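Keep in mind it's a predicted model, so treat the numbers as computed, not measured.
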Amino acid sequence: MTSDEKAREAGQDFIRDIIRADLEAGRHKGVVTRFPPEPNGYLHIGHAKSICLNFGVAEEFGGRCHLRFDDTNPTREEQEYIDAIERDVRWLGFDWGKHLYHASDYFEQLYAWAEHLIRAGKAYVDDQSQEEMRASRGTLTEPGRNSPFRERTVEENLDLLRRMRAGEFPNGARVLRAKIDMGAGNINLRDPVLYRILHASHPRTGTAWSIYPSYDYAHGQSDAIEHITHSICTLEFEDHRPLYDWFIENLPVPSRPRQYEFARLNLTYTILSKRVLTELVRGGHVQGWDDPRMPTLAGLRRRGVPPAALRDFVKRIGVAKANSIVDMGLLEFSVREVLNRTALRRMAVLRPLKVVIENYPEGQTEELEAANHPDAPDAGARRIRFGREIFVERDDFMENPPKKFYRLSPGKEVRLRYAYFITCREVVKNAAGEVVELRCTYDPATRGGNAPDGRKVQATIHWVSAADSVPAEVRIYNQLFAKPDPDAGNFAADLNPNSLEVLADARLEPALAGDNASEPVQFERQGYFCRDPDSRPGHLVFNRTVGLRDTWAKVAKA
RNA sequence: UGGGGAAUAGUUCAACGGUAGAACAGCGGACUCUGACUCCGUUAAUCUAGGUUCGAAUCCUAGUUCCCCAGCCA
């Protein structure tokens, strides 16, 4: 596909409309975007929306997208996060090529521009304490007051800034502020801070600096240095745009980027806030950043969500300026959509119920053929061993079934997938009255699953051989939060106590012990699963990525 | 009560003065060796009130509701 074709196929959101118009008007030769994470946490699905937008737009319009770390605050940034972010962006399917940058790459230039602003009388060093600054900033409805240090001479400001840089003052002693308008309705324009003193070691610049630029001061100028054409960010930065523009207009920057804002992603039953996700990890509410219940890319990956599903999801939700909350069900749809096409089929019994086939000769076994993917003959088939004793799913048997229950019950005949028709003859219970075993008979004429006499069964159920299946632990994940709109301010109260369900006694068909560990599989009639890295020889662990759509569950509930 | 934004089916997004459309969800049906997949059908929306216009979701006016901003976080 040529880039013209790609551009035509590009989505129809307002960002792409703007870019299309800019290109047609000749305002830019090409489009350059950037994804600018701060390395203070792991990326989550909300970032995936931004990554797909920035990299997607660049690709569609034949431009490029930079990965730039917004590493201006060494007190909360770590190398671990830098590594994780690079890994996650790559995993999502995007490549920044040689365009890996850091705001810290520009510290020297940013500093030079700070002196430039001082010389132009547009910045000054303020000695007020943090409390004094807060008090003089005014409120949402009242204007602020000018700092008593606002009219220092250029020489004094230059001297103080240089000594700030040299590390002569303790943290918090002074800041460099832009001289804009303490009476502005937009609080971001009330002499914002450009530099603060931070005696902290930076992952990249070490202890070379004792002052660090603020986001507002660093971001736009970094964009300009990289010749970013469209600087796409989220809605909360909308009222920073006048400040973004002020710096660009008052500094001799090499290009003229423009900022555009879109609504960040919100998803039901989860919280997309780095602060909350960090607390979930640090507070031990989850096992780590890659806990499969986490909406982090690392968590989704471990859960078995394919990157293609995330990209599909992002395409479906669109890009707009209205705050919204996307139904988690839509993500699940995208996951099933991709996995249904790609995942090989296997049989696994999550909650085993033993079945003895009374008329099947003792000691005899045989091999039956099962398709790896019924809709994709190219995927081939594997052979599975059948014998006198098998396991079926407990949920597939009911002693006193309601009318619409098609599966096994006393006297009822069903098909064992790829095997035989069996009929339930007897129910064996323990002293507590619990069903512990089913005695069934099979029809040898139905080998492979078809009756020569053409008779039908209402249900086909999955099974595994008792002798040949392998034990496994299966982890079922439910929503991390019990409410569709958990309170980020008090998230612990809304946690779902049943977000993790461990099934310790599952039985898998043996192929699953040998299959390529990273491949997703469908456990027939149940859902999509993947092997968890916790697996060890002799102890397999599988994660449920997402269940199959379950119409029966709805019928049963009604 | 300052500044900045946003309001269209249950949800998310289109429609850019000319028949309000899609996806997901829902409902009904067909098919089926997965109660899956697939296919068919179907319910369902322009925040309110005025105005401009032959014609308004779209333009104007007034209002309503919701979101963001008072870090030396990003």
To the nearest Å, how far apart are A:Phe333 CZ and B:rA22 C1'? 13 Å

Please confirm whether the backbone N or O of A:Ala178 pairs with a side-chain atom of A:Tyr217, one donor and one acceptor, at under 3.5 Å? no

Check whether any side-chain nitrogen or oxygen of A:Thr460 sits under 4.0 Å from OP1 or OP2 of B:rU32, and answer yes or no. no

Distance flag, aromatic centroids of A:Tyr124 and A:Phe149, threshold under 6.0 Å: no

Please tell me whether A:Arg345 and A:His462 have a donor and an acceptor in their side chains that are separated by less than 3.5 angstrom. no

Could you check whether the side chain of A:Asp239 and the base of B:rG3 have a donor-acceptor pair of N or O atoms closer than 3.5 Å, going by distance alone? yes

To the nearest Å, give me how far apart CD (A:Gln12) and P (B:rA23) are. 17 Å

A:Leu140 CG to B:rC67 C1', in whole Å, measures 14 Å

Measuring to OP1 and OP2 of B:rC27, would you say a side-chain N or O of A:Lys554 lies under 4.0 angstrom away? yes

Pick base, sugar-phosphate or nothing for A:Phe237, based on heavy-atom distances below 4.0 Å to the nucleic acid. base

With no angle test and no hydrogens, is the base of B:rA74 tied to the side chain of A:His240 by a donor-acceptor pair under 3.5 Å? yes

Please determine if A:Arg34 forms a cation-pi arrangement with A:Tyr101, meaning its NZ or CZ atom is less than 6.0 Å from the six-membered ring centre and no more than 45° off the ring axis. no

No-H, no-angle donor-acceptor pair, A:Asp17 side chain to B:rC16 base, under 3.5 Å: yes

Could you tell me the Watson-Crick or G-U partner of B:rC24, where both distances fall under 3.5 Å? Say none if there is no partner. B:rG10

Below 3.5 Å, does any donor atom in the side chain of A:Gln526 face an acceptor in the base of B:rU34, or the other way round? no

Which is true for A:Tyr212 with a 4.0 Å heavy-atom rule: it touches a base, it touches only sugar-phosphate, or it touches nothing? nothing

Any idea which of B:rC24, B:rC13, B:rA70 is nearest the A:Arg137 side chain? B:rA70

Rounding to a whole Å, what distance do you find between A:Ile317:CD1 and B:rU12:P? 11 Å

Which whole-number value in Å describes the distance from A:Leu194 CG to B:rC73 C1'? 15 Å

Is A:Arg145 near enough to B:rA70 that one of its side-chain N or O atoms lies under 4.0 angstrom from OP1 or OP2? no

Respond yes when some side-chain nitrogen or oxygen of A:Arg525 is under 4.0 Å from OP1 or OP2 of B:rG35, and no when none is. yes

Between C1' on B:rC69 and CD1 on A:Ile180, what's the gap in Å once rounded to a whole number? 15 Å

Is there a side-chain contact between A:Arg174 and the phosphate of B:rC72, meaning an N or O under 4.0 Å from OP1 or OP2? no

Identified side-chain contact (heavy atoms from CB on, under 4.5 Å) partner of A:Tyr528 from the options A:Asn340, A:Val338, A:Val305, A:Thr342: A:Asn340

Of all the nucleotides listed (B:rC69, B:rG5, B:rG35), which has the minimum atom distance to the side chain of A:Glu238? B:rG5

Provide the distance between the two C1' atoms, one in B:rA9 and one in B:rG26, to the nearest whole Å. 12 Å

Distance in angstrom units between A:Phe313 CZ and B:rC13 C1', rounded: 12 Å

Heavy atoms under 4.0 Å, any strand shown: does A:Arg76 hit a base, just sugar-phosphate, or nothing? base

Salt-bridge criterion met for A:Arg275 and A:Glu279 (N-O under 4.0 Å): yes

For B:rU34, take OP1 and OP2 only and decide whether either is under 4.0 Å from a side-chain N or O of A:Arg345. no

May I ask you to evaluate whether A:Ser324 reaches the phosphate of B:rC13, defined as a side-chain N or O under 4.0 Å from OP1 or OP2? yes

Does NZ or CZ of A:Arg165 fall inside the cone over A:Trp209's six-membered ring, less than 6.0 Å from its centre and within 45° of the axis? yes

In the structure shown, which nucleotide is the Watson-Crick or G-U wobble counterpart of B:rU1, with both distances under 3.5 Å? none

By nearest atom, which of the nucleotides B:rA36, B:rC72, B:rC73 is closest to the A:Glu38 side chain? B:rC73

When we call it a touch if two heavy atoms are under 4.0 Å apart, what does A:Arg316 touch: a base, just sugar-phosphate, or nothing? sugar-phosphate

Relative to the 5' end of RNA chain B, which residue comes earlier, A:Gly449 or A:Asp70, by the nucleotide with the nearest heavy atom? A:Gly449

Return no unless some side-chain N or O of A:Ser214 is found under 4.0 Å from OP1 or OP2 of B:rC73. no

As a test of reading the structure: which of B:rC24, B:rC72, B:rA36 is closest to the side chain of A:Leu330, going by heavy atoms? B:rC24

Suppose we call two aromatic rings close when their centres sit under 6.0 Å apart. Are A:His219 and A:Tyr215 close by that rule? yes

With sugar-phosphate meaning primed atoms plus P, OP1 and OP2, does A:Glu393 contact a base, only sugar-phosphate, or nothing at under 4.0 Å between heavy atoms? nothing

Taking atom P in both B:rG17 and B:rA56, what distance in whole Å separates the two? 14 Å

Contact class for A:Ile325 vs. all strands (heavy atom < 4.0 Å): base, sugar-phosphate, or nothing? sugar-phosphate

From the candidates B:rC72, B:rC73, B:rA36, the one with an atom nearest any side-chain atom of A:Met133 is B:rC72

In Watson-Crick or G-U wobble terms, both distances under 3.5 Å, what is the partner of B:rU19? none

One thing to verify: whether A:Asp22 and A:Arg258 come together as a salt bridge, which I'm taking to mean a side-chain N less than 4.0 angstrom from a carboxylate O. no

With the side chain defined as heavy atoms from C-beta on, A:Thr141 is closest, among B:rC72, B:rG71, B:rG2, to B:rG2

Considering every strand and a 4.0 Å limit on heavy-atom distances, what is the contact class for A:Lys456: base, sugar-phosphate, or nothing? nothing

Just name whichever nucleotide pairs with B:rU48, Watson-Crick or G-U, keeping both distances under 3.5 Å, else none. B:rA62

Given B:rA74, B:rC72, B:rA25, identify the nucleotide with an atom nearest to the side chain of A:Arg549. B:rA25

If I pick the C1' atom on B:rC39 and the same atom on B:rU53, what distance separates them, to the nearest angstrom? 45 Å

Examine B:rA6: is either OP1 or OP2 under 4.0 Å from a nitrogen or oxygen in the side chain of A:Arg264? Give yes or no. no

Classify A:Arg341 by what it touches in the nucleic acid, base, sugar-phosphate, or nothing, heavy-atom distance under 4.0 Å. nothing

A:Tyr215 on top of B:rA74's base, within under 5.5 Å and under 30°? no

Below 4.0 Å: OP1/OP2 of B:rC66 and any side-chain N or O of A:Asn323: no

Syn/anti state for B:rG29 [syn: chi within 90° of 0]: anti

Same-atom distance (P) from B:rG3 to B:rA45, integer angstrom: 37 Å

At under 4.0 Å between heavy atoms, what does A:Arg417 touch on the DNA or RNA strands: base, sugar-phosphate, or nothing? base

B:rC31 pairs with which nucleotide, Watson-Crick or G-U wobble, both distances below 3.5 Å? none

Within the 4.0 Å heavy-atom criterion, would you say A:Val319 contacts the bases, only the backbone, or no part of the nucleic acid? sugar-phosphate

Ranking B:rC24, B:rA70, B:rU34 by distance to the side chain of A:Ile187, first place goes to B:rA70

Salt bridge flag under 4.0 Å for residues A:Arg525 and A:Glu393: no

